[in-house]
Amino acid sequence: MARLTPAELLAGPVLEVAPRLLGARFHHAGVTLRLTEVEAYAGPDDPGSHAHRGPTPRTRVMFGPAGRLYVYFTYGMHHCANLVCGPEGEASAVLLRAGEVVAGRDLARERRPGSSDRDLARGPARLCRALALDLAQDGADAAGWLEPADPPVPPEAVATGPRVGLRRAADRPWRFWLAGEPSVSAYRPAAVRRPG
DNA sequence: TCTCAGATTCCCT
DNA sequence: GGGAATCTGAGAG
C-alpha cells in the first residue's frame with residue numbers, strides 16, 4: 001500500500017481516520033511524538049462532541065477544513081488538541097490523547113519537569129504541554145506537522161474502548177490505542193461531581 | 001488506589 | 001450568574 005500524504009490520512013470518516021493516526025508522527029516546536037492513543041468525535045450528531053450544539057467561537061475550527069488543529073482550554077489550566085478531519089462543515093475531529101516522544105526528548109523534559117519518559121505525553125493535556133501546543137495553535141494547519149505511519153499499523157495492533165472523561169455518549173467505543181503501549185493513558189471514567 | 005482541589009473559559013438559563 | 005468542562009498532580013490511607 002502506497003504511503004499516504006497527511007491530507008489523505010485525514011480524509012474520510014472519522015472512525016476510519018482515528019485508527020489510521022495511530023503510529024503517525026507529530027512534530028511541533030522541536031519535539032516529535034509517535035501517536036499511541038486517540039479518540040474520535042463525530043460532529044453535531046455526537047452528544048459527546050464540543051460541536052454538538054453547532055458552531056461557537058470556541059468550536060468554529062472544528063467546522064473548518066480537515067487538517068486544522070482544534071486546541072481548547074479546559075479546567076482552568078489545561079489544553080487539549082484535536083485534528084479536524086472529514087469534509088468541511090462536518091465538524092468531526094480526533095483528540096490526541098497520548099504519544100511516545102521519539103525526538104526532542106530533552107525539550108519535552110524541560111516542559112514537563114519531574115515526569116518519567118513514559119509520562120511525558122501520556123494524557124491529552126500532557127501531550128499538549130510536551131509539544132508546546134496552546135491556543136496560539138488553535139486553527140493552525142497541522143498537515144505539515146503530521147507524518148503518516150510507515151509502515152501502517154496493522155489492524156490487529158489497534159485496541160478500542162469507550163472514550164474517557166465524557167458524561168454524554170460515553171458508551172461509544174471510539175477510543176483507539178496501540179495495544180500494549182506503555183504510553184497509553186490509564187482509563188478513567190468521567191468524574192462524578194458531588195453536591196456541595 | 002482513591003479522592004479532591006485547582007483556576008479559567010464557555011455556554012445555558 | 002452559575003455550572004460544567006475531551007484533566008492533572010498531590011496527598012491520604
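Residue numbering restarts at 1 for every chain, and letters A, B, ... go by the order of the sequence lines.
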Between [Y] and [X], is the closest basic N to carboxylate O distance under 4.0 Å?
X	Y	answer
A/Glu39	A/Arg163	no
A/Glu37	A/Arg97	yes
A/Asp119	A/Arg112	no
A/Glu181	A/Arg34	yes

OP1 or OP2 of [N] sitting under 4.0 Å from any side-chain N/O of [X]?
X	N	result
A/Arg112	C/dG9	yes
A/Arg97	C/dC7	yes
A/Arg53	B/dC11	no

Could you tell me how far apart [X] ([atom1]) and [N] ([atom2]) are, to the nearest whole angstrom?
X	N	atom1	atom2	answer
A/Tyr75	C/dG3	OH	C1'	12 Å
A/His79	B/dA7	NE2	P	15 Å
A/His52	B/dC11	NE2	P	14 Å
A/Arg118	C/dT8	CZ	P	14 Å
A/Asp138	B/dT9	CG	P	14 Å
A/Asp119	C/dA10	CG	P	11 Å
A/Arg122	C/dC7	CZ	C1'	13 Å
A/His78	C/dA10	NE2	P	11 Å

With side chains defined as the heavy atoms from C-beta onward, is the minimum distance between A/Cys80 and A/Leu95 less than 4.5 Å?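 Answer yes - side chains close enough.
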So do A/Trp145 and A/Leu69 actually touch side chain to side chain, heavy atoms under 4.5 Å?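 A/Leu69 reaches A/Trp145 side chain to side chain.
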Closest non-hydrogen atom pair, A/Phe73 against A/His79: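 It is CD1-NE2, 3.2 Å.
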As a check on the pairing definition, encode DNA chain B in dot-bracket form, counting Watson-Crick and G-U wobble pairs whose two distances are under 3.5 Å, and using | for partners outside this strand. ||||||.|||||.
Between A/Leu135 and A/Met77, which residue's closest nucleotide on DNA chain B lies nearer the 5′ terminus?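 Result of the comparison: A/Met77.
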So if I take every side-chain heavy atom of A/Phe73 and compare against C/dT8, B/dT8, B/dC11, which nucleotide ends up nearest?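 Within the option list, the nearest is B/dT8.
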Using a 4.0 Å heavy-atom cut-off across all strands, classify A/Gly114 as base, sugar-phosphate, or nothing.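 No contact at all - A/Gly114 keeps every heavy atom at 4.0 Å or more from the nucleic acid.
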